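Here's the structure we're looking at; comments come further down.
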Amino acid sequence: MANLSVKNLLGIKHLNIKDVELIFKTADHFKEVINRPIKKVPSLRDITIANLFFENSTRTRLSFELAEKRLSADIINFSASQSSVKKGESLIDTVNNILSMKVDIIVMRHPNEGAGDFLSKHINAKIINAGDGAHEHPTQALLDSYSIREKLGTVKGKKVVIIGDILHSRVALSNIYALQLQGAEVKICGPTTLIPKYITKLGVGYENNLKRALEWCDVANVLRVQHERMDIKYFPTVREYVQLFGINKELLNTIDKDIVIMHPGPINRGVEITSDVADSKQSIILNQVENGVAIRMAIIYLLAEQIKR
Ligand code: CP
């Protein structure tokens, strides 16, 4: 059977196109499984997975947990707020203590960029990055591309605009890598203060005008304004942000095609997107969430295949 070229999933940057195709093909199978009356397979009965969340999460944490349960893995859940991290324990000590309980795979969300990469050099277990600071969120980017492929038949050749707070977003960077790997054209759109200086070096276009960006694209991936990561003011007022970069039905009605609308969640309704757009027929936001389970099952399954049992 084909195998992934990587031993851990730390970022999309480390994947090749064959990896992405293998993950999608495996996810196709698991999507069929989770739509059956009995949504579970015994594949990972001998695998134990620890979900370590050092930062808040709804979708990613529950999606991983459900994916692991659907694969029949044993799981333990850790959240930093209820742990001995609060007493000063280091990341490596925390994880090594968890691993001594015979854990095979670590799924980790961490506020620091590179936390998964750092850990992978110090521990002997597989690691899946569930989001590290403003760096990468590889499973989100894979489920996003998978959802585009499902909706439009392919990602290759599609025009995708990523809109909003790019500076504080791990979803943006992982999406840029994933979309380019599959042959999509990518632009970003948002206030100049929320665009990282290095971004054009990645080969993406920049469009400051939201209407022009929407006229150009097939897919608009709308990002949340991450107020909690802002230590200074990046735009004068939320009202001004909404006027210049908020997506609403009135604006979409001026575009003479049906753009696919995506959002990784959580949504600030009425800020980056209005409810009539988020809940419209053009929106695939809940399809993204559904596909997240199949994608995470595929990744866990493929990495577990590499473990000698
Ligand atoms: N999309 C995403 O990562 O959402 P959560 O922060 O709720 O996991």
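First listed ligand is number 1; within each ligand, the first listed atom is number 1. Just so we're clear, the structure is a prediction, and the values are computed from it rather than from any experiment. Quick note: numbers below take in every heavy atom, side chains included, and nothing from hydrogens, waters or symmetry partners.
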Self-check item: Distance-only polar pair, side chains of Asn287 and Ser147, donor-acceptor under 3.5 Å
Solution: no

Quiz item: By number and element, which atoms of ligand 1 are closer than 4.0 Å to a non-hydrogen atom of Gly265?
Solution: 1 (N), 2 (C), 4 (O)

Quiz item: Can you tell me how far the CD atom of Glu150 sits from the CZ atom of Phe24, to the nearest 0.5 Å?
Solution: 10.5 Å

Quiz item: Polar-atom distance check: Ser57 versus ligand 1, any N or O pair below 3.5 Å?
Solution: yes

Quiz item: Considering residues, nucleotides and ligands other than Arg239, do more than 12 of their heavy atoms fall under 6.0 Å from its CZ?
Solution: no

Practice problem: State, without any angle test, whether Glu136 and Asn129 hold a side-chain donor-acceptor pair at a distance under 3.5 Å. | Solution: no

Quiz item: Would you say Gly131 contacts ligand 1, with heavy atoms under 4.0 Å as the rule?
Solution: no

Quiz item: Can you tell me which residue and heavy atom of the protein come closest to atom 4 (O) of ligand 1, and the distance to 0.1 Å?
Solution: Arg59 NE, 3.1 Å

Quiz item: Looking only at protein heavy atoms, which one is nearest to atom 1 (N) of ligand 1, and how far off is it?
Solution: Pro264 O, 2.8 Å

Exercise. List the closest protein heavy-atom neighbour of atom 6 (O) of ligand 1: residue, atom name, distance to the nearest 0.1 Å.
Key: Arg109 NH1, 2.8 Å

Practice problem: Decide, yes or no, whether a salt bridge links Glu65 with Lys69 under the criterion of side-chain N to carboxylate O below 4.0 Å. | Solution: yes

Exercise. Please could you name the atoms of ligand 1 that Thr58 approaches to less than 4.0 Å, counting only its heavy atoms?
Key: 5 (P), 7 (O), 8 (O)

Self-check item: Shortest protein contact, atom 2 (C) of ligand 1 (heavy atom only)
Solution: Thr60 OG1, 3.5 Å

Self-check item: Heavy atoms of other groups near Lys39 NZ, more than 12 under 6.0 Å
Solution: yes

